[in-house]
Protein chains: 2
Amino acid sequence: MEVFIREAGMVWKAESKEMGKAVTLSASDLLMRLLAFILTLAAAIVIATDKQTKVVPIQISDSLPPFHLPLTAKWDQMSAILYFLVTNAIACTYGALTLVVAVVNRGKSKGLWTVMTVLDAFMVALLFSGNGAAAAVGVLGYKGNSHVNWKKVCNVFDKFCGQMAVSIGVSLIGSLAFLLLVVIPVVRLHRRTLSINN
Amino acid sequence: MEVFIREAGMVWKAESKEMGKAVTLSASDLLMRLLAFILTLAAAIVIATDKQTKVVPIQISDSLPPFHLPLTAKWDQMSAILYFLVTNAIACTYGALTLVVAVVNRGKSKGLWTVMTVLDAFMVALLFSGNGAAAAVGVLGYKGNSHVNWKKVCNVFDKFCGQMAVSIGVSLIGSLAFLLLVVIPVVRLHRRTLSINN
């Protein structure tokens with residue numbers, strides 16, 4: 001394919017190679033999508049299987065000896081961690097679906113590719129809000145907050161907090177993969193428009 | 001400007017009007033950027049000025065009567081709210097700078113426009129992580145959490161929590177404006193590539 005641009009009476013030949021690659025899906029796109037899928041799936045699995053039971057002394061009154069109760073920490077006990085799990089579950093499901101669509105379609109439907117890039121941007125927003133929420137309660141768990149008298153719990157539930165930190169880290173890298181899935185096509189398309197317009 | 005595409009011996013004339021608009025900044029872009037700037041600035045101001053002092057009874061021991069202490073709630077007492085303020089401050093500063101750059105440049109430098117769209121995507125990630133963090137501690141403030149024995153505080157600091165909720169809401173709309181700043185050029189550029197390639 002060759003492209004000619006006529007402007008102010010002059011005819012310019014645009015870079016036809018760049019144009020030819022137009023909206024076919026590149027290997028780097030597929031690899032990044034696979035990475036985004038695997039990482040968000042891993043983050044979801046790591047947090048969903050995160051569970052720790054500890055026998056904790058509970059002081060009810062100064063005059064009575066403390067009770068010893070077995071307490072369990074799990075993802076469903078805090079809405080922020082539940083939200084984090086849901087965002088990663090949505091993102092990995094979406095990642096798997098679009099991976100199949102991308103392989104089957106291989107850039108034939110260009111509208112589909114646009115829709116996918118737009119949805120990728122929504123996934124970035126969703127995942128980062130989930131990461132922010134989980135990190136916020138994670139920091140509270142590790143440090144507590146004296147102003148509102150929320151005591152730290154990660155000194156007791158150390159394994160739970162450690163596994164949650166790993167999950168947040170993995171999810172963050174997965175979120176960055178989704179961010180790159182949005183950013184790379186923008187850079188590529190802009191470059192292509194440049195090669196046509198200049 | 002007119003664009004002709006020669007493929008397999010045939011010459012096609014592409015939609016030249018779409019091409020002419022190539023990378024000039026549209027009024028909708030500027031409006032959206034202005035909106036993103038104003039909303040994140042408003043969110044930053046609302047949370048930065050959020051302060052409430054209350055006299056709270058503190059029970060130190062069962063045998064003693066409670067102390068009455070004046071306690072103040074402020075954004076700098078919790079790292080999640082501090083992070084939320086910082087993300088909005090960064091986003092509104094960035095919004096103001098790019099608004100000036102967009103008006104001065106008016107699409108002359110196309111590379112600059114690409115850089116701005118990429119940075120917009122990073123702002124989306126930053127803002128949504130801040131919103132998620134603030135919303136997570138906000139939910140804890142309103143509801144508390146019995147599993148980790150973190151008591152709700154918004155029944156006491158009602159005005160502080162209300163103002164924080166407003167700030168999160170405003171920041172969320174500002175974040176959506178940044179998201180649209182990323183999504184709209186993607187849709188527009190894809191459409192333009194389509195009009196050239198089909």
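Throughout, a chain's letter reflects where its sequence line sits, starting with A, and its residues are numbered from 1.
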Check: B:Y94 side chain, B:A89 main-chain N or O, donor-acceptor pair, under 3.5 Å: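 Judged by distance alone, no pair lies under 3.5 Å.
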
Taking only heavy atoms into account, what residues of residues 73-87 of chain B are found under 4.5 Å from chain A?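 B:Q77, B:M78, B:S79, B:A80 fall under the 4.5 Å cut-off.
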
Between [X] and chain A, which part of the residue has a heavy atom less than 4.5 Å away: side chain, backbone, both or neither?
X	result
B:A135	neither
B:N145	side chain
B:V182	side chain

side-chain contact (heavy atoms from CB on, under 4.5 Å), that's the test. Do A:I47 and A:M164 meet it? Break it down for me. CA-CA 6 Å; A:I47 196 70; A:M164 184 172 147; 3.6 Å; yes

B:V56 reachable from B:V153 in the ILVMFWY side-chain graph, under 4.5 Å edges: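 Hydrophobic grouping puts B:V153 with B:V56.
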
If hydrophobic clusters are built from ILVMFWY residues whose side chains come within less than 4.5 Å, do A:L35 and A:I173 share one?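 Yes, same cluster.
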
Options [options], ranked by heavy-atom pairs under 4.5 Å with chain B, top entry:
options	value
A:F122, A:W150, A:F178, A:F128	A:W150
A:V118, A:V124, A:L126, A:L176	A:V118
A:D120, A:L71, A:V139, A:V148	A:V148

For B:A43 and B:S167, which heavy atoms make the closest approach, and how far apart are they? O-OG, 2.8 Å

Could you check whether any side-chain heavy atom of A:F157 comes within less than 4.5 Å of a side-chain heavy atom of A:K54, counting everything from C-beta outward? yes

Report yes if the side chains of B:I90 and B:M123 come closer than 4.5 Å at any heavy-atom pair, otherwise no. yes

Apply side-chain contact (heavy atoms from CB on, under 4.5 Å) to the pair B:L140 and A:V137, showing each step before the final yes or no. CA-CA 9 Å; B:L140 282 172; A:V137 299; 3.7 Å; yes

